[in-house]
Amino acid sequence: PGAFYGLSSLTLLSLERNEFFPVSVIFPLSRNLETLLLSGNNYTTLNPFPFQQLGMLTYIDLTDNPLDCNCQLQWLSYATNYGVVIRNANCVSPASLIGT
């Protein structure tokens with residue numbers, strides 16, 4: 001905890017391939033963070049609350065995360081309406097959304 005505290009100029013953070021790295025650990029982060037790379041972490045869901053604190057965030061890479069695309073991830077869809085690019089958010093469940 002606190003490893004990212006005080007990094008006020010941080011605009012890009014790569015946490016790729018950290019196997020279940022808890023996203024909550026990176027918050028509070030710089031409000032200047034624009035790019036967050038989270039590929040290969042085996043996330044099945046992501047709590048929207050930490051991301052709401054990142055007003056400058058414009059890009060999230062979710063490649064190679066087996067997402068359970070239920071109502072808890074609906075915020076990703078809303079984020080794209082505000083200009084956030086979500087890369088490779090691929091659903092592995094429920095069955096009706098596999099591959100979307």
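- Under the rule for a side chain to side chain donor-acceptor pair (under 3.5 Å), the partners of Ser93 that lie at least two apart in sequence or sit in another chain are Asp68.
- Applying the salt bridge (charged side-chain N to carboxylate O under 4.0 Å, His left out) rule to pairs touching residues 43-55 yields nothing, sequence neighbours excluded.
- By the side chain to side chain contact (heavy atoms under 4.5 Å, CB included) test, Thr80 pairs with Ile86, sequence neighbours left out.
- Screening residues 51-60 for salt bridge (charged side-chain N to carboxylate O under 4.0 Å, His left out) gives no qualifying pairs among residues at least two apart or on separate chains.
- In this structure, Pro66 and Asn42 have side chains that are in contact, with non-hydrogen atoms separated by less than 4.5 Å.
- We find the CG-CG distance between Leu67 and Leu76 to be 7.5 Å, quoted to the nearest 0.5 Å.
- Listed by chain and residue number, Gln74, Asn81 satisfy the side chain to side chain contact (heavy atoms under 4.5 Å, CB included) test with Tyr78 (two or more places apart in sequence, or in another chain).
- Within the structure, the salt bridge (charged side-chain N to carboxylate O under 4.0 Å, His left out) test picks out no pair touching residues 40-57 (sequence neighbours left out).
- Looking at Asn41, its side chain does come within 3.5 Å of a backbone N or O of Leu15 through a donor-acceptor pair.
- Of all the heavy atoms in Tyr43 and Leu38, the pair that sits closest is CE1-CB, 4.0 Å.
- Clustering ILVMFWY residues whenever any of their side-chain heavy atoms sit less than 4.5 angstrom apart, transitively, puts Leu37 in a cluster other than the one holding Leu46.
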Please list, one pair per line, the donor and acceptor atoms closer than 3.5 Å that link side chains of residues 55-64 to other protein atoms, with sequence neighbours excluded.
from  : atom 1 : to    : atom 2 : distance (Å)
Thr58 : OG1    : Glu34 : O      : 3.3
Asp61 : OD1    : Thr63 : N      : 2.9
Asp61 : OD1    : Thr63 : OG1    : 2.6
Asp61 : OD2    : Arg87 : NH1    : 3.0
Thr63 : OG1    : Asn88 : ND2    : 2.9
Asp64 : OD2    : Arg17 : NH2    : 3.1

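- Pairing each heavy atom of Cys69 with each of Pro94, the nearest pair is O-CD, 3.4 Å.
- For Glu16, the CD atom is densely surrounded, since the number of other residues' heavy atoms within 6.0 Å is greater than 12.
- Here the closest heavy-atom approach between residue Leu33 and residue Leu36 is recorded as CD2-CD1, 4.3 Å.
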